[in-house]
Structures are given as structure tokens and as C-alpha cells.
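Presented below is the structure to which this report refers.
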Amino acid sequence: MKYDFTAIEQKWQKRWQEEKPFAAVTGDTTREKFYGLIEFPYPSGQGLHVGHARPFTAMDIICRKKRMQGYNVLFPIGFDAFGLPTENYAIKNHIHPAKVTRDNIANFTKQLHMLGYSFDWDRVVDTTDLKYYKWTQWIFLQLFKHGLAYKASMPVNWCTSCKCVLANEEVVEGVCERCGSPVIRKEKSQWMLAITKYADRLIDDLDTVDYINRVKIQQRNWIGRSEGTEINFSTTAGDVMTVYTTRCDTLFGVTYMVLSPEHPYLKKWQDRIANWDEVAAYIDEAAHKSDFERSELNKDKTGVRLQGVAAINPANETEIPIFVSDYVLMGYGTGAVMGVPGHDQRDWDFATKFGLPIIEVVKGGDITKEAFALKDDTGIMVNSSFLNGLTVKEAIPAMKKWVTEQGIGHPKTNFKLRDWVFSRQRYWGEPIPLVNCPQCGWVPIDEREPPLLLPEVESYELTDDGESPLSAMTDWVNTTCPKCGGPAKRETDTMPQWAGSCWYFLRYMDPHNDNALASKEALEYWSPVDWYNGGMEHTTLHLLYSRFWHKFLYDIGAVPTPEPYAKRTSHGMILGEGGEKMSKSRGNVVNPNDIIAQYGADTMRLYIMFVGDFEKAAIWSTEAVKGSKRFLDRVWNLAESASESEDVTPANEAILHKTIKKVTEDIDELKLNTAIAAMMTAVNELSANGCSRGDMRLLLLLLSPFAPHIVEELWEMLGFAAKSGKMACQETWPVYDESKTVASTVAMAVQVNGKLKGTITMPTDSEQQAVVDAAMAVDKVRKATEGMTVVKTILVKNRLVNLIVKPQ
RNA sequence: GCCGGUGUGGUGGAAUGGUAGACACAGGAGACUUAAAAUCUCCCGGUAGCGAUACUGUACAGGUUCUAGUCCGGUCACCGGCACCA
């Protein structure tokens with residue numbers, strides 16, 4: 001019989017879905033659970049991409065093995081379906097985004113089935129489903145009620161093409177992450193989420209979870225905790241000006257101050273500033289630049305000195321000038337910095353340009369050439385009164401203590417992380433369930449009322465002033481205040497795409513619940529997610545946001561664990577044939593459907609796992625796919641030629657046990673490429689030795705998570721299915737016997753002075769004397785040791801012997 | 001600039017400090033075939049040699065060690081992230 005993959009795959013996919021579904025979770029909550037999670041896809045019009053196949057296949061393998069090992073496994077799938085591409089497509093083609101979403105989900109579903117993934121299809125989640133997003137809205141309302149959602153007028157990133165506010169995280173190199181158009185700054189009243197209130201816990205609790213290191217490091221750097229000091233400077237204007245510094249030890253070296261152009265004192269001091277016209281012009285210029293332009297253009301420092309106002313250095317009572325310069329950011333610290341040109345390179349550049357004095361307060365560098373910033377702990381304090389003679393490390397706490405005692409400052413922790421801009425002036429997103437009442441302010445809709453439906457609109461186009469399309473729907477906008485009953489208006493902004501993905505893994509635990517986001521029992525049993533795999537690109541966005549929401553839900557008692565994911569791994573990208581990113585414009589996108597049609601889904605699954613180290617980027621090669629197909633052909637032929645015996649062939653025992661061990665361990669460590677290589681080696685050996693049905697049985701069980709269709713077919717063909725009444729995927733995962741993985745003899749390397757001279761075959765666990773005797777019998781060893789004395793022998797059991805020799 | 005990662009045959013990639021190149025792809029030789037495809041067998045880092053073999057080889061130049069692709073310090077290149085963060 002021929003290996004007809006198309007027929008086989010259709011047969012088994014149908015059976016798994018209709019006749020013998022095996023992937024649904026069991027209600028048996030006494031069994032140990034395993035919750036394996038992949039990042040649910042955005043159902044784009046392009047359909048599934050080989051980039052999806054890599055993480056999906058890996059987690060499918062892990063979950064299929066866990067099921068065979070007896071776990072109660074939850075392996076769900078869903079769709080993150082709100083978002084701009086769908087909305088833009090809808091606008092362009094005049095099709096309702098809900099319809100676009102439905103069609104795309106149907107297409108994705110078909111493609112996912114074609115790859116044989118063992119998702120629990122009863123638990124599909126769609127973020128645009130009212131039954132789902134009413135709970136997204138519910139979580140938002142809880143955030144609002146706890147003061148973590150607030151409205152603020154602030155400069156926001158405004159995409160000139162999408163006509164939409166973007167989060168800082170969505171702006172890449174000054175352009176919109178999605179459409180590539182320039183982003184400018186614009187003042188707008190926005191809903192914000194106070195993620196910064198959780199900054200400390202988001203960092204500290206990383207110690208409690210098993211994430212790969214680079215994810216932890218990236219999150220820590222993104223949150224950017226910095227332990228410093230706030231110090232108050234008095235000014236000749238009478239106002240006290242507060243600065244933030246991590247180097248309070250250099251206070252005696254401060255020779256000027258700089259304010260950010262947005263600093264409120266500038267306007268306040270307008271009448272005192274003699275050169276106000278010049279200052280105002282500078283402020284205006286800065287306001288018209290995007291963040292990107294500001295950082296681009298500021299390689300050369302610019303700024304204006306304020307005439308008529310000065311500050312006093314509290315350490316030595318010296319009067320120092322104040323500047324305004326756009327290298328100081330209003331959004332970080334206090335929007336004001338103290339200038340220490342001797343020990344900060346930016347300050348040094350600035351002081352040199354404006355001819356300001358440079359004072360050395362830490363000895364160790366040459367401040368006439370460049371700033372002596374903190375390197376190692378080499379510097380010793382000078383010109384600093386009571387700090388003189390101390391190291392920098394000693395001086396920092398000493399100065400913190402001093403400013404605190406003097407009442408002019410205090411230690412302060414700052415974060416780079418900003419609060420999350422949560423509004424979008426868009427249609428295709430969750431409506432924000434708030435009402436603005438002229439009497440009562442912002443009021444949440446009544447949670448007991450029917451959920452706030454995203455209404456049908458005539459047009460999804462933005463209004464001319466950049467407001468959401470919803471704002472044009474006066475029937476919907478005009479409502480009554482839930483509190484006082486007076487006339488009020490609904491919020492017309494919607495939530496960003498990240499909202500729905502913040503908690504979807506909770507919904508999978510109990511997806512049809514109408515009374516809660518999930519039942520307490522389901523949450524208790526399934527939390528936390530045992531293993532979450534996803535892309536590195538989501539490390540600082542989705543992964544951080546969802547940890548934040550989850551911590552909040554934990555605080556209000558809605559979920560039982562402080563962290564959502566126990567373990568996080570990350571896959572590398574699949575690059576096109578030329579080693580470049582796959583993209584439509586490069587024309588190097590590989591469609592999994594084409595590979596499935598030509599080679600079958602099992603080959604596709606195997607190849608995408610065999611292509612390389614899972615965590616690293618890998619280059620796709622359609623040529624190399626053949627190798628995986630050939631392997632399956634060999635498995636097929638081997639099964640057909642297997643002898644009737646259901647016992648394991650003695651000659652194959654060692655290789656089979658070794659392979660069970662290797663595949664079992666490699667799957668747990670996500671080393672799927674070497675697991676497959678081990679099975680290839682086993683097949684090569686079994687072919688050479690001749691194999692029985694008993695041998696085949698073990699091999700098929702190991703291969704079952706990787707290439708499930710062909711395995712089920714062969715399982716049936718060899719009569720195992722008829723005998724046990726079970727499919728291979730329902731069988732018990734094979735266990736290896738350590739003693740059987742070891743062969744009776746081993747090949748050992750013989751070295752003389754560390755150089756390889758030959759190999760010898762020895763009984764396993766041979767003692768040193770026997771090994772040395774055998775080694776000395778090797779011609780090359782005898783030659784190399786002739787006339788020499790062996791001064792030392794190093795034996796590594798079952799691996800090598802190294803003879804250290806010296807002339808006699 | 002800072003943070004993280006990577007550097008191994010023609011290619012993708014393997015190697016708890018212990019025989020570098022497993023397993024594949026491509027290539028070469030042969031078998032089968034009228035022929036091709038498929039399949040099977042063998043070869044396949046470099047230099048020298050008919051060959052046994054010798055030397056050499058994991059980005060570069062060092063160090064530690066009986067032994068280094070692996071550990072340590074330095075340099076270079078590439079990839080990803082952040083970027084005036086005080």
C-alpha cells in the first residue's frame with residue numbers, strides 16, 4: 001500500500017472531530033491538570049502563515065504527550081479579532097467588520113484543522129463576541145472603580161494616517177507600528193490605565209515565575225526601575241524646584257539647571273523672565289516636534305538660558321543659571337534636572353556648548369576631555385565638603401541622608417514605564433462602558449443591565465475631528481445618567497486591541513459562563529497557565545499588560561493566583577528562503593496549505609519542528625522539507641515490513657529505550673529538532689536490524705505527537721487499534737528502562753597528552769587498568785608512548801582515557 | 001551609546017568541559033531501470049598523500065585546564081530591543 005497522506009489526514013481529522021474527539025478536557029478534576037497556551041492569532045485576511053505553525057505545532061506536541069502521560073490537558077484556541085486591519089479592510093470594501101471577522105475566523109479554523117492540532121474546539125473564544133467582551137468591559141469597570149482607569153489630558157502619539165492615538169509601545173522609530181506613517185504629538189483627553197502603580201510588583205514577582213531569562217530581563221529593562229533622590233532647589237523666583245537624580249553624590253558639582261520645555265514653571269515665571277520671547281519661541285518649536293524628531297535633532301544640544309531667574313545650589317548656596325532645553329523630558333522624573341557637567345556626558349556637552357563651569361567632584365578621570373561618569377567604583381569624592389575622601393558608593397547614601405535631614409530632599413524610585421493610553425478613536429473595538437453626566441461626572445453603566453453592545457453604524461470612517469465613528473451616532477451617544485437619571489452622553493472611544501488579549505486565557509477555563517468571567521471552581525482548578533509560549537515581540541506589550549490585569553484581578557479577589565503564567569517560552573521567527581523576514585512585498589511568504597497539499601500535514605509539522613533550535617530564528621527551505629517526507633515514507637515502509645511478533649526485538653531494545661528517553665526529555669525541554677533526529681536515527685537502525693510489530697508499537701507512540709495522522713493509520717493497520725479499542729493518541733506514553741538504554745559495550749576515545757590517537761571498544765563500566773591495557777594495544781598509542789613514562793592517567797568512564805606521558 | 005542574543009562544513013543545524021560536524025538538505029559515485037523519477041549502497045571540513053596516515057580546523061588573537069565550540073577577560077562582525085531616562 002502507498003502512503004496516501006491526503007486521504008489519511010482527511011480521514012483522521014474527520015474522526016478526531018466527529019467520531020472520536022479526544023482533545024476535550026475531562027471533567028475529572030482529581031487528575032493532575034496541564035494548561036498549555038499559545039498566543040491566539042489575529043484572524044487576518046491572509047490566513048494562517050508558517051510563522052503560526054511553529055509555536056502551534058510545538059505546543060500541540062507538548063499537550064499530546066501530556067495527555068498520553070495521563071494529565072487532564074487544556075489546550076485551547078481562540079481569536080483576537082478586534083483591531084485595525086479588519087476595520088481598514090471593512091472601510092475599503094464596504095463590508096461590516098463583523099462579517100470580515102466571521103469569514104476570516106472560518107478560514108483560520110479550516111486551516112488549523114488541516115494541521116491536525118488537538119485543540120479543544122468546544123472552548124473557542126472570540127474577543128469580538130458580545131458574550132466575551134462584556135467581561136472585558138466588566139474588568140475595565142472594576143479598574144475604573146478602583147481608581148486605576150482615569151481620564152487625563154496629555155500629549156499623545158497621534159498617527160497622521162490612522163487618525164488615531166497610539167500607545168508609546170505602538171510607535172516604532174517615530175512611525176506608526178501598523179501603517180508606517182509619521183507620528184506627531186497632540187494634546188488629547190484620554191483614558192489611561194495606571195499600570196505604573198503595579199511597576200514594583202511586576203518587577204519583583206518575576207522572581208516567582210519560570211520565564212526564559214531574556215523575557216525577564218526585557219521586562220525589567222522596560223519597566224526601568226531606578227533608585228534615586230529628589231532634591232529641592234530654591235530659586236530667586238521664590239518657587240522651589242525639584243529635580244530627580246541617581247547621582248546625588250555630585251550635588252557639589254552642580255553648575256546649572258535645566259527645565260523641560262513643558263515644565264509648568266516656565267509659564268508661571270513668564271513675567272520674571274527677561275528674555276521671554278526667546279524662551280517662548282523655543283518652547284513653541286519643541287512642541288511642534290515629535291518625540292522622534294526631538295531625539296533625532298538633539299544630537300547637538302540646544303537650549304535657552306532664562307534671564308532674570310536663577311536657582312540656588314543647596315549644598316553650597318551658590319547661585320546657578322537655569323536653562324530650558326528639550327533634552328529634558330517632562331515625562332520622566334520631575335521634568336527638571338541638575339546639570340553636573342563633570343560627571344554626566346550630556347551635561348558635559350551642554351556645558352561646553354554654553355560655556356558653563358565644569359567642577360570636578362569625583363577624582364579619577366580627565367574632565368577637560370569628557371565627563372567622568374560612574375565606571376566601576378574607582379572614583380573618590382573631592383571638592384565636596386563632608387563627602388571628601390569617600391567613594392561614590394559611600395557618598396550616595398551619605399548624601400541621601402544629608403538631604404533628608406536638611407529637609408531638602410528624599411530618596412525616590414522612578415520608572416521608565418508609563419501609564420497605558422487606553423482609548424482609541426475607532427469603531428472596531430470594545431466600547432468603553434462609561435457615561436459622562438454633567439451633574440455626576442463619569443459614571444459606569446449598570447453592571448446588571450444588558451451589556452453595552454457595539455452598535456451598528458452607517459460608516460466606520462473617522463469623523464473629521466478624529467473622534468470615533470460612534471460619536472456620529474447621536475441616538476446611541478445620548479443617554480441618561482445611571483446615577484441621577486439626567487441627560488448624559490456615552491463615551492465614544494473604544495478600547496485598544498490589547499484589551500481582549502489581557503485575560504482570554506481565563507475565559508478558556510470556563511468559556512460559556514454567563515454569570516462570571518469564569519467560575520471560581522474552574523479558576524481554582526486550571527490556574528495558573530502551566531506553559532505559555534509566544535513571540536518575543538509581545539514581551540513588553542501583551543505579556544506585561546496581561547500580568548498587570550491579572551494582578552489587579554487577584555487584588556480584587558477575582559482570580560486565585562498573583563501571576564497568570566507559571567512558565568513562558570518564546571519561539572524564533574521563521575524567515576524566508578533568503579534569510580529575510582517573510583512579507584508580501586518580498587514575495588517570500590510560504591503558505592502552509594501549499595506544503596500540506598504537496599507533502600501532507602505530518603511532513604509540515606515535522607519539518608517546522610526539525611528546522612532548527614526552537615528559540616532561534618530559522619530559515620525556511622522548501623527543498624529541505626523533502627527530508628521530513630522521506631522520513632515518514634521510511635516509517636511507512638518499515639511498518640509494512642515489520643514482522644508479526646508483538647515482542648520487542650532484543651537487538652532493538654537498547655536503541656528503542658534510548659530513543660524513548662531522548663524524545664521524552666527533549667519534548668520537556670522544547671528541543672523538538674533533536675527529538676526528531678533521535679527518531680530518525682532509530683528508524684535507520686530498525687531498518688538495518690529488521691523490526692517487529694512490538695518495536696513499531698513503541699516507535700509509533702513516540703512519533704504520535706509529532707505526526708499524528710500517519711501514526712493513527714499505521715496503528716490501525718498493524719492491529720493495535722482493534723486490540724485496545726484506543727487510538728495511539730489515547731494510549732499511555734512509553735516509559736524507558738534506564739538500564740536498557742546502555743549497551744553492553746562502549747566505544748572509548750584514547751588520547752595521549754590530550755591528542756586523539758584512536759578508539760577502543762570496551763565492556764561498559766570497565767575499570768581503569770583494563771582500559772589502559774586495551775589502549776596500549778592500539779598501534780598509534782604504542783608509537784606515541786614509546787620511550788615515554790606515563791605520569792598520569794585520566795579516565796572518564798565509558799567516554800575516554802587520556803594518558804599523560806613524559807620522556808624518560 | 002546601553003541591554004540581550006548569535007558567530008561551527010556548500011546549506012539547515014548537533015555536541016552534561018571529554019572522539020567536533022549527530023540528524024538532515026544539496027552534491028558526487030554506484031545498483032536497480034530501455035530511460036527518468038522513486039528507492040537502496042557508499043563518499044562528502046581543509047591541506048598533503050595512490051593509500052595507511054599526518055597536519056590543521058568551531059569569527060579573531062589570548063588565558064585557565066590533562067582536555068575548550070563549550071569556562072574567563074579582550075577584539076571584530078551580524079541580529080533583536082531600547083535610546084538624551086538625569
Side-chain angles (χ1 to χ4, degrees), chain A residues 172-173 213-218 220-222 224-226 228-229 243-248 250 258 260 291-292 294-299 301 325-329 331-340 343-347 349-350 373 414-418 536-537 539-540 572-573 575 579 606-607 610-613 615-628 630-631 633-634 637 671 673-684 687 747-760 779-780 791-805:
Chain A
V172 177
E173 287 177 12
N213 223 308
R214 53 200 175 117
V215 169
K216 286 192 184 186
I217 290 167
Q218 216 169 297
R220 274 194 202 105
N221 290 346
W222 185 264
R225 179 156 63 192
S226 121
T229 314
V243 301
Y244 175 76
T245 177
T246 54
R247 291 294 309 278
C248 62
T250 61
V258 189
S260 140
D291 268 349
F292 181 62
R294 261 168 85 158
S295 59
E296 269 300 89
L297 298 172
N298 274 316
K299 299 220 155 59
K301 300 267 177 292
S325 174
D326 63 6
Y327 87 83
V328 177
L329 309 173
Y332 186 76
T334 61
V337 302
M338 59 187 211
V340 189
H343 306 285
D344 181 289
Q345 193 56 43
R346 285 161 312 180
D347 295 350
D349 294 341
F350 191 85
N414 265 333
F415 299 93
K416 286 185 197 172
L417 184 72
R418 313 292 166 73
M536 272 318 276
E537 69 275 19
T539 302
T540 51
M573 236 191 304
L575 304 172
L606 218 46
Y607 174 70
F610 188 60
V611 68
D613 184 336
E615 293 200 345
K616 292 187 196 138
I619 297 170
W620 176 272
S621 161
T622 301
E623 201 55 38
V625 173
K626 285 184 198 162
S628 299
R630 269 182 211 148
F631 168 66
D633 286 334
R634 280 204 296 274
N637 293 337
K671 287 157 72 175
N673 54 337
T674 51
I676 293 167
M679 288 188 280
M680 287 174 168
T681 306
V683 166
N684 291 345
S687 306
M748 292 181 68
V750 181
Q751 297 179 339
V752 175
N753 286 347
K755 286 215 157 195
L756 184 69
K757 291 295 170 190
T759 58
I760 50 175
D779 263 4
K780 282 164 74 178
V791 293
K792 197 173 174 188
T793 304
I794 288 144
L795 179 79
V796 182
K797 239 187 190 177
N798 298 330
R799 303 217 71 148
L800 65 69
V801 61
N802 188 5
L803 305 170
I804 312 304
V805 297

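Letters A, B, ... mirror the listed sequences (proteins, then strands); counts begin at 1.
In terms of phosphate contacts, A:Arg220 brings no side-chain nitrogen or oxygen within less than 4.0 Å of OP1 or OP2 of B:G81. Residue A:Lys755 places at least one side-chain N or O under 4.0 Å from the OP1 or OP2 atom of B:U56. Contact between the side-chain N/O atoms of A:Asn673 and the OP1/OP2 oxygens of B:A14 is found at a separation under 4.0 Å. Contact annotation: A:Tyr327 side-chain N/O to B:A86 OP1/OP2 distance is not under 4.0 Å. Within the structure, every side-chain polar atom (N or O) of A:Arg799 is placed at least 4.0 Å from both OP1 and OP2 of B:U16.
Between A:Val752 and the choices A:Ile804, A:Val805, A:Val801, A:Asn802, the side-chain contact (heavy atoms from CB on, under 4.5 Å) rule is met once, by A:Val805.
Across B:A24, B:A14, B:A86, the shortest atom-to-atom separation from the side chain of A:Asn684 is found for B:A24. The side chain of A:Trp222 approaches B:C82 more closely than any other nucleotide in the set B:U19, B:C82, B:C66. Distance from the side chain of A:Leu800 is smallest for B:U19 among the nucleotides B:C23, B:G81, B:U19. Here the nucleotide nearest the side chain of A:Lys671, chosen from B:A15, B:G12, B:A86, is B:A15. For A:Asn802, whose side chain is taken as the heavy atoms from C-beta onward, the closest listed nucleotide among B:U67, B:C25, B:A24 is B:U67.
Counting any heavy atom pair closer than 4.0 Å across all strands shown, A:Phe631 reaches no nucleic acid atom. Here A:Thr759 lies in heavy-atom contact (under 4.0 Å) with a base. Counting non-hydrogen atoms under 4.0 angstrom, A:Ala678 reaches nothing in the nucleic acid. A:Asn414 comes within contact range of no nucleotide atom at all, as no heavy-atom separation falls under 4.0 Å. Within 4.0 Å of A:Val796, counting heavy atoms only, lies at least one base atom of the nucleic acid. Nucleic acid contact for A:Arg634: sugar-phosphate only, since backbone atoms but no base atoms lie under 4.0 Å from a heavy atom of the residue. Within the 4.0 angstrom heavy-atom criterion, no nucleotide atom of any strand lies near A:Glu537.
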Symbol by symbol from the 5' end, with Watson-Crick or G-U pairs under 3.5 Å, [ ] crossing and | another strand, RNA chain B is (((((((..(((.....[....))).(((((.......))))).((((....))))..((.((..]....)).)))))))))....
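Going from the C1' atom of B:C23 to that of B:A15 covers 12 Å, rounded to whole Å. Taking atom C1' on both nucleotides, B:G74 is separated from B:G21 by 28 Å, rounded to a whole Å. For the P atom pair drawn from B:G57 and B:U75, the interatomic distance equals 24 Å after rounding to whole Å. Comparing B:A68 with B:U58, their C1' atoms are spaced 11 Å from each other, to the whole Å. Between B:G1 and B:G18, the distance separating the two P atoms is 36 Å to the nearest Å. The separation of B:G10 from B:A48, taken at their P atoms, amounts to 16 Å, rounded to a whole angstrom. Look at the P atom in both B:U47 and B:U34: the space between them is 40 Å, to the nearest Å. Here, B:U70 and B:G9 have their P atoms 15 Å apart, quoted to the whole Å.
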Collect all protein-nucleotide pairs involving nucleotides 1-10 of chain B in which both atoms are nitrogen or oxygen and the distance is under 3.5 Å.
residue: B:C3; atom: O2'; partner: A:Asn221; partner atom: ND2; Å: 2.8

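Look at CG on A:Leu756: it is 20 Å from P on B:G17, rounded to the nearest Å. Atom CD1 in A:Ile794 sits about 14 Å away from atom C1' in B:A68, given to the nearest Å. Atom pair A:Lys792:NZ and B:C66:C1' shows a separation of 6 Å (rounding to whole Å applied). In this structure, the CE atom of A:Met573 is 8 Å from the C1' atom of B:G80, given to the nearest Å. Note: CG (A:Asp613) to P (B:C23) measures 19 Å, nearest angstrom. Atom CZ in A:Arg630 sits roughly 14 Å away from atom C1' in B:C23 (whole-Å rounding). A straight line from CG of A:Leu329 to P of B:C82 spans 16 Å, rounded to a whole angstrom. Between the CZ atom of A:Phe415 and the C1' atom of B:A86 there is a distance of 16 Å, given to the nearest Å.
Look at B:G9: its glycosidic torsion is within 90° of 0, and that puts it in the syn range.
RNA chain B is contacted by both A:Gly758 and A:Tyr332; A:Gly758 maps to the nucleotide lying nearer its 5′ end (nearest heavy atom per residue). Each of A:Lys757 and A:Asp633 has a nearest nucleotide on RNA chain B; the 5'-most of these lies closest to A:Asp633.
Both the sub-6.0 Å distance and the 45° axial angle are not jointly satisfied by A:Lys301 relative to the ring of A:Phe350.
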